[in-house]
Amino acid sequence: MTGSPTASGVQVGVAQISVDRTDVAANVERVIETLRAGAAGGHQLVVFPECVLTGYLFDSRAETRAAAIGAADPRIGRIVRACAETSVHAVVGLLEEADGRVYNSALVLGPSGIIGRYRKQHLPYLGADRFVDPGADAAPRVADTPFGRVGVMICFDLRFPESARELALQGADLIAMPTNWPMGSDMLADHMTRVRALENLVYLAVADRADAEAGTRFMGRSQIIAPSGEVLADAGQDEGLFGASIDVRAARTKRLIKKPGEFELPVFAGRRPEMYGELTRPMASGQ
């Protein structure tokens, strides 16, 4: 299912596609095919699942490292060339090898190359995340594109409201979230995605898988959420490319005016950062 572009809208797609953890080349081809389909449907941006190029469920640091690829890998270059050929931007998940470390990463790719990179900061004790290094780069996580500002977080980051809020404060119009939701993650798909979009007044585009890997089945439910919390697209458990038209202007209004001068909600201007010191205080070990 894809939506049609509008004169004032940006067409965003979430790709709910299968992943073969034994064949990076096949995964790259599937990503490129999806980008071409996205271009045919008028999409400017396509978000892909977490670790879509490499797979996710590994049982050791050695296996995880062996599966990882570098951002300069020629296969990433092939995706960049596809972005150039189609004029489509992409957010692509992978296990990334860099300087002797391994990260669960997402790259923002455009016709000019890599324009953004995020390394997962919050790591669950699950799959490859048991063995990767946590992202520690404090650089801005928001990439400028011709159609708006795209922030990135990955899967488990959704449970930390500070992660999405940081992206919103950095000016993200849309937060792209590659994920690997296993079956049973319905509360995340039904409620938490809507809350993150609504509390930050941003669009949220989540790309999951609906296939299985190493005995674990993923639940799908890739979706696009509006700043109002409205669900614009929900993939269910079908494979394919699912899209919606968004208006980034809706994400740039952080003051909700119900009745001018009488009922106004300064959602961002009303923040009191000086009162939130506990949020940045490290917790005791084991908590």
Side-chain angles (χ1 to χ4, degrees), residues 1-2 11-21 23-41 43-57 67-69 71 73 75-96 103-111 113-120 127-128 141 143 145 150-155 157-158 174-181 193 203-211 213 218-224 233-235 238-244:
M1 177 181 70
T2 59
Q11 191 71 10
V12 174
V14 286
Q16 193 156 285
I17 61 175
S18 297
V19 177
D20 184 345
R21 68 173 180 155
D23 195 340
V24 173
N27 296 330
V28 168
E29 287 299 326
R30 197 171 293 114
V31 166
I32 291 173
E33 289 171 7
T34 305
L35 285 174
R36 289 172 177 156
H43 290 69
Q44 286 105 311
L45 173 70
V46 176
V47 182
F48 291 88
E50 180 178 14
C51 294
V52 68
L53 299 184
T54 57
Y56 174 72
L57 290 170
I69 62 176
D73 189 289
R75 291 167 292 192
I76 302 292
R78 291 198 61 225
I79 300 174
V80 169
R81 288 195 293 277
C83 289
E85 292 165 3
T86 60
S87 297
V88 177
H89 286 67
V91 178
V92 179
L94 73 157
L95 291 172
E96 179 198 8
Y103 301 98
N104 183 341
S105 298
L107 303 177
V108 184
L109 306 177
I114 298 173
I115 60 174
R117 181 202 324 265
Y118 171 63
R119 292 165 175 166
K120 192 174 181 179
R141 296 156 47 196
T145 74
V150 178
V152 182
M153 61 186 191
I154 301 173
C155 200
D157 289 328
L158 181 69
L174 176 142
I175 296 175
M177 194 185 89
T179 191
N180 276 176
W181 280 335
T193 54
Y203 288 95
L204 181 64
V206 181
D208 190 24
R209 297 162 57 179
D211 62 343
E213 179 183 336
F218 302 100
M219 69 174 287
R221 297 294 308 278
S222 298
Q223 55 192 253
I224 301 171
D234 188 321
D238 296 328
E239 288 205 353
L241 179 62
F242 300 79

Worksheet item: Under the 3.5 angstrom rule, does the side chain of Gln16 hit a backbone N or O of Asp238 as a donor-acceptor pair?
Response: yes

Worksheet item: Which heavy atom of Gly55 sits nearest a heavy atom of Leu95, and at what distance?
Response: O-CD1, 3.6 Å

Worksheet entry | Glu213 side chain vs Tyr56 backbone, donor-acceptor pair below 3.5 Å | yes

Worksheet, complete the sentence: Arg119 meets the salt bridge (charged side-chain N to carboxylate O under 4.0 Å, His left out) criterion, sequence neighbours left out, with Glu96

Item to complete: Just jot down the side chain to side chain contact (heavy atoms under 4.5 Å, CB included) partners of Ala39, sequence neighbours excluded, or say none.
Response: Thr86, Val88

Fill in: Check: Val19 main-chain N/O paired with Asp211 side-chain donor or acceptor under 3.5 Å
yes

Discussion item. Would the distance check show the side chain of Arg21 and the main-chain N or O of Leu57 forming a donor-acceptor pair, the cut-off being under 3.5 Å?
Written reply: yes

Practice prompt. Determine yes or no for a side-chain-to-main-chain donor-acceptor pair under 3.5 angstrom, with Asn104 supplying the side chain and Lys120 the backbone.
Written response: no

Worksheet, complete the sentence: In short, side chain to side chain donor-acceptor pair (under 3.5 Å) pairs touching residues 26-37 with sequence neighbours left out are Asn27-Arg30, Glu29-Arg78

Worksheet entry | Main-chain N/O of Pro178 paired to Glu50 side chain as donor or acceptor, under 3.5 Å | no

Worksheet item: How far does CG of Leu94 sit from CZ of Arg75, to the nearest 0.5 angstrom?
Response: 10.5 Å

Discussion item. What's the separation between atom CG in Asp208 and atom CG in Asn180, rounded to the nearest 0.5 Å?
Written reply: 6.5 Å

Fill in: Closest heavy-atom pair and its distance - Tyr118, Met153
CE2-CA, 3.7 Å

